[in-house]
Amino acid sequence: MLDDALLADWCLRYLGAPFERVLFRSGFLSEVVGVELWSGLRAVVKARPFQPRIAGCLQVQAALARVGFPCPEPLTVATRVHGMAVSAETEVPGGSPLPTEAGAAPFAALLARLIASAPDPAAVPDLVPSPPWAGWDHPGRRLWPDLDEHGQDLNLVGGPEWVEDAARRVRERLTSTRARVCIGHGDWESQNIRWTGRDPLVVHDWDSVIAQPEAAIVGLAATMWPSEEGSDVTASVAQTADFIASYQLQAGREWGRWEIRDAWAAGLWDRLIYVKQDTAEGGSHQLDRLAAELDERLDHAALG
């Protein structure tokens, strides 16, 4: 999406200098380009399909950077270029993933810090719709969002009826919850966090900011936190329970039963979405693994 000519023009216009060299190119749902400008500034330019919610994501990221949360500082607002939202942030090099053998506590503590430091959802532009894996409250009439992050309609993907049944129960539960909404990170995977020893250095992927109830944000994180780059690892039932318990300890508040059940329900939605996507691609690994855990996860969510 960002060829060198377009990138040079954009950097000159919005960063005040043309780029001298490209440091790296990467990306999955977004194109990410590291650049060094003639001014000496190193920045990371991101391009992704335009969505109005990205403006809110950037405002949350900027607010967290101002209060010292470990995240790149946005250098621009979201600019619209040929149907893309293009923005830049500071480069934060270094760090490494924290081995998951360290347990859920460091990841849960960092999420608690984020939620406590984030602005009120009313103070930033609208963050809806949430990404599909956090989008149980999507406005569509069908069970699954009309399009997932890959542009496919999961409502047209076949599979076992128990997947549809579980997703229907989760959606009904979470859309009937009246808990206070707060801001969190919807893609709390190990691959998006870099550490220096056991100290967090930087959290990436701020396009995944969401506004959902606290328990739901934690429940999502609890199912995905061990996921590392290039793997399809998800949290076991024990790892999920560890994260939910660790979060309460770090946040300094013991949850009520309804909050715990909603956390498990939100995490189950995430797992079910990945089962549907795996099925669409002809795979069965996610399906087989969730089938072995389903009854236990439904019980924890009080949806059995």
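Only a predicted model underlies this, so the values are computations on that prediction, with no experimental measurement involved.
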Salt bridge flag under 4.0 Å for residues [X] and [Y]:
X: Glu293; Y: Arg289; answer: yes
X: Arg53; Y: Asp126; answer: no
X: Lys276; Y: Glu281; answer: no

Query raised in the report: Is it true that the side chains of Arg171 and Ser176 contain a donor and an acceptor less than 3.5 Å apart?
Result: no

Query raised in the report: Will you find, in the side chains of Asp205 and Ser208, an N or O donor that is under 3.5 Å from an N or O acceptor?
Result: yes

**Report entry** Side-chain heavy-atom pair Trp144, Glu164 within 4.5 angstrom cut-off
**Finding:** yes

Query raised in the report: Are any of the side-chain heavy atoms of Arg271 and Gln286 separated by less than 4.5 Å?
Result: yes

Requested in this report: Begin from the C-alpha positions of Arg194 and Ser96 and carry the test side chain to side chain donor-acceptor pair (under 3.5 Å) through to its verdict.
Outcome: CA-CA 5 Å; Arg194 291 293 178 267; Ser96 58; over 6 Å; no

Report task. Measure the acute angle between the ring planes of Trp225 and Phe107, then classify it against the limits of 30° and 60° as parallel, tilted or perpendicular. Result -> tilted

Query - Test side chain to side chain contact (heavy atoms under 4.5 Å, CB included) applied to Arg13 - qualifying residues, sequence neighbours left out - result: none

List for me each residue that meets ring-ring contact (aromatic ring centres under 6.0 Å, His included) alongside [X], sequence neighbours excluded, and say none if there are none.
X: Phe19; answer: none
X: His138; answer: none
X: Tyr274; answer: none

Below 3.5 Å, can you tabulate the donor-acceptor pairs from side chains in residues 71-79 to any protein atom, sequence neighbours excluded?
from	atom 1	to	atom 2	distance (Å)
Thr76	OG1	Ala88	N	3.1
Thr79	OG1	Trp10	NE1	2.8
Thr79	OG1	Val86	O	2.8

For residues 27-35, which side-chain donor-acceptor pairs fall under 3.5 Å, sequence neighbours excluded?
from	atom 1	to	atom 2	distance (Å)
Glu31	OE1	Met1	N	2.8
Glu31	OE1	Leu2	N	2.9
Glu31	OE2	Arg25	NH1	2.9

